[in-house]
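Reading through the structure tokens given below for one structure.
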Amino acid sequence: MIQSLGRYILLLRLSFRKPEKFTVYWAEVMREMVSAGIGSLGIIMIISLFIGAAVTIQTAFQLVSPLIAKSVVGGITRDSMVLEFSPTISSLVLAGRVGSSMASQIGTMRVTEQIDALEIMGVNAPGYLISPKVIAGVSMFPLLVIVSVLLGFMGGYIACFSSSEVTTDDFMIGLSDGFNSVIITVCMVKAVVFGFIITTICSYQGFYTKGGALEVGQAATRGVVYSCVMILLFDLIISRLFL
């Protein structure tokens with residue numbers, strides 16, 4: 001474990017050395033941002049709509065007491081989506097979609113000796129392959145989480161519109177009632193940290209792949225599993241520090 005942690009830190013150090021040619025790295029950053037951001041937008045939209053609707057319906061089902069205002073449903077949905085569901089569930093999904101792709105891509109380049117060819121040509125392979133992915137992850141994941149939050153609210157609104165337990169007016173009142181801006185800070189911190197975790201861990205697993213096609217698949221699986229575990233760990237840590 002200590003050896004793996006040391007290799008991970010050294011790889012990050014090499015990844016963020018001064019680039020040889022900034023324009024080449026900038027083109028890679030743009031390509032990774034499109035792949036990680038625009039390419040993941042569809043799955044995030046679908047998941048967020050259904051999660052927002054499900055949370056609203058289940059919360060309304062549990063609040064059956066006439067002593068509790070129906071607008072509380074909107075507040076619970078808001079806090080649940082912003083604090084937990086949008087950053088954490090979206091990141092777990094993105095670990096499978098984006099992280100496995102990164103690990104497989106770098107792992108394939110390793111086993112086909114493309115990374116060795118880059119190093120022979122004097123190119124900083126970790127910087128060229130990993131840093132654009134990390135920059136894309138920490139910049140696009142917060143935007144995807146914001147989209148997830150808004151679509152979660154929309155899903156809750158649609159659920160209220162199609163049911164009779166809570167009116168849409170009560171739901172909208174609950175979204176704004178008792179709002180605390182710290183939940184937005186926690187949400188964005190989680191999004192940035194989770195984006196960094198996914199991109200660095202999966203890139204690390206791919207970069208040190210050995211063997212052939214079977215090992216590339218195993219490296220991608222390890223990257224996703226380790227990323228999910230670290231996401232849940234840092235979810236707890238960040239929540240404990242900020243809340």
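If you're wondering where the values come from, they're calculated on a predicted model, not measured in any experiment.
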Is a side-chain N or O of [X] found less than 3.5 angstrom from the main chain of [Y], in a donor-acceptor match?
| X | Y | result |
| --- | --- | --- |
| Thr108 | Ser104 | yes |
| Thr168 | Phe161 | no |
| Ser203 | Thr200 | no |
| Ser40 | Gly37 | no |
| Thr88 | Phe85 | no |
| Ser148 | Leu144 | no |
| Arg78 | Phe153 | no |
| Ser176 | Ile173 | yes |

Exceeds 12 heavy-atom contacts within 6.0 angstrom, atom [atom1] of [X]:
| X | atom1 | answer |
| --- | --- | --- |
| Tyr8 | OH | yes |
| Phe234 | CZ | no |
| Arg17 | CZ | no |
| Phe16 | CZ | yes |

[atom1]/[X] to [atom2]/[Y] distance, rounded to the nearest 0.5 angstrom?
| X | Y | atom1 | atom2 | value |
| --- | --- | --- | --- | --- |
| Leu94 | Phe141 | CG | CZ | 4.5 Å |
| Ile51 | Ser80 | CD1 | OG | 11.0 Å |
| Met102 | Glu32 | CE | CD | 5.5 Å |
| Asn124 | Leu14 | CG | CG | 6.0 Å |
| Arg97 | Ser35 | CZ | OG | 5.0 Å |
| Glu165 | Ile57 | CD | CD1 | 8.0 Å |

Are the side chains of [X] and [Y] in touch, meaning some heavy atoms are under 4.5 Å apart?
| X | Y | value |
| --- | --- | --- |
| Val192 | Met188 | no |
| Leu151 | Ile44 | no |
| Ser90 | Ile47 | no |
| Glu119 | Asp116 | yes |
| Leu63 | Ile76 | yes |
| Arg31 | Pro132 | no |
| Leu143 | Met140 | yes |
| Arg240 | Ile237 | no |

Between Met154 and Ile158, does a side chain to side chain contact (heavy atoms under 4.5 Å, CB included) hold up when you go through it step by step? CA-CA 6 Å; Met154 184 182 297; Ile158 294 173; 4.1 Å; yes

Checking side chain to side chain contact (heavy atoms under 4.5 Å, CB included) for the pair Asp79/Ile183: CA distance, chi angles, key distance, verdict? CA-CA 7 Å; Asp79 292 345; Ile183 65 174; 3.5 Å; yes

Under the ring-ring contact (aromatic ring centres under 6.0 Å, His included) rule, collect the residues that match up with Phe179, sequence neighbours excluded.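 Residues passing ring-ring contact (aromatic ring centres under 6.0 Å, His included) with Phe179: none at all.
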
Does [X] share a hydrophobic cluster with [Y], counting links as ILVMFWY side-chain heavy atoms below 4.5 Å and allowing steps through other members?
| X | Y | answer |
| --- | --- | --- |
| Leu10 | Leu12 | no |
| Val55 | Phe50 | no |
| Leu41 | Ile43 | yes |
| Ile146 | Val34 | no |
| Leu150 | Val145 | yes |

Any idea which heavy atoms bring [X] and [Y] closest together, and the distance?
| X | Y | answer |
| --- | --- | --- |
| Ala136 | Ser139 | O-OG, 3.2 Å |
| Gly223 | Ile201 | O-CG2, 3.9 Å |
| Thr209 | Gly107 | OG1-CA, 3.8 Å |
| Gly127 | Tyr25 | O-CE2, 3.1 Å |
| Ile231 | Ala95 | CD1-CB, 4.5 Å |
| Phe207 | Pro126 | CZ-CG, 3.8 Å |

Begin from the C-alpha positions of Met121 and Leu118 and carry the test side chain to side chain contact (heavy atoms under 4.5 Å, CB included) through to its verdict. CA-CA 5 Å; Met121 291 186 296; Leu118 289 174; 3.8 Å; yes

What residues form a salt bridge (charged side-chain N to carboxylate O under 4.0 Å, His left out) with Asp235, not counting sequence neighbours?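 Testing Asp235 for salt bridge (charged side-chain N to carboxylate O under 4.0 Å, His left out), a comparison that skips the adjacent residues, returns Lys190.
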
Report the C-alpha separation of Tyr208 and Ser4 in whole Å, then their side-chain angles, then the decisive distance to 0.1 Å, and conclude whether the side chain to side chain contact (heavy atoms under 4.5 Å, CB included) test is met. CA-CA 10 Å; Tyr208 288 109; Ser4 298; over 6 Å; no

How would you list, by chain and number, every residue that makes a side chain to side chain donor-acceptor pair (under 3.5 Å) with Tyr157, sequence neighbours excluded?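 Side chain to side chain donor-acceptor pair (under 3.5 Å) check on Tyr157 returns nothing, list empty.
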
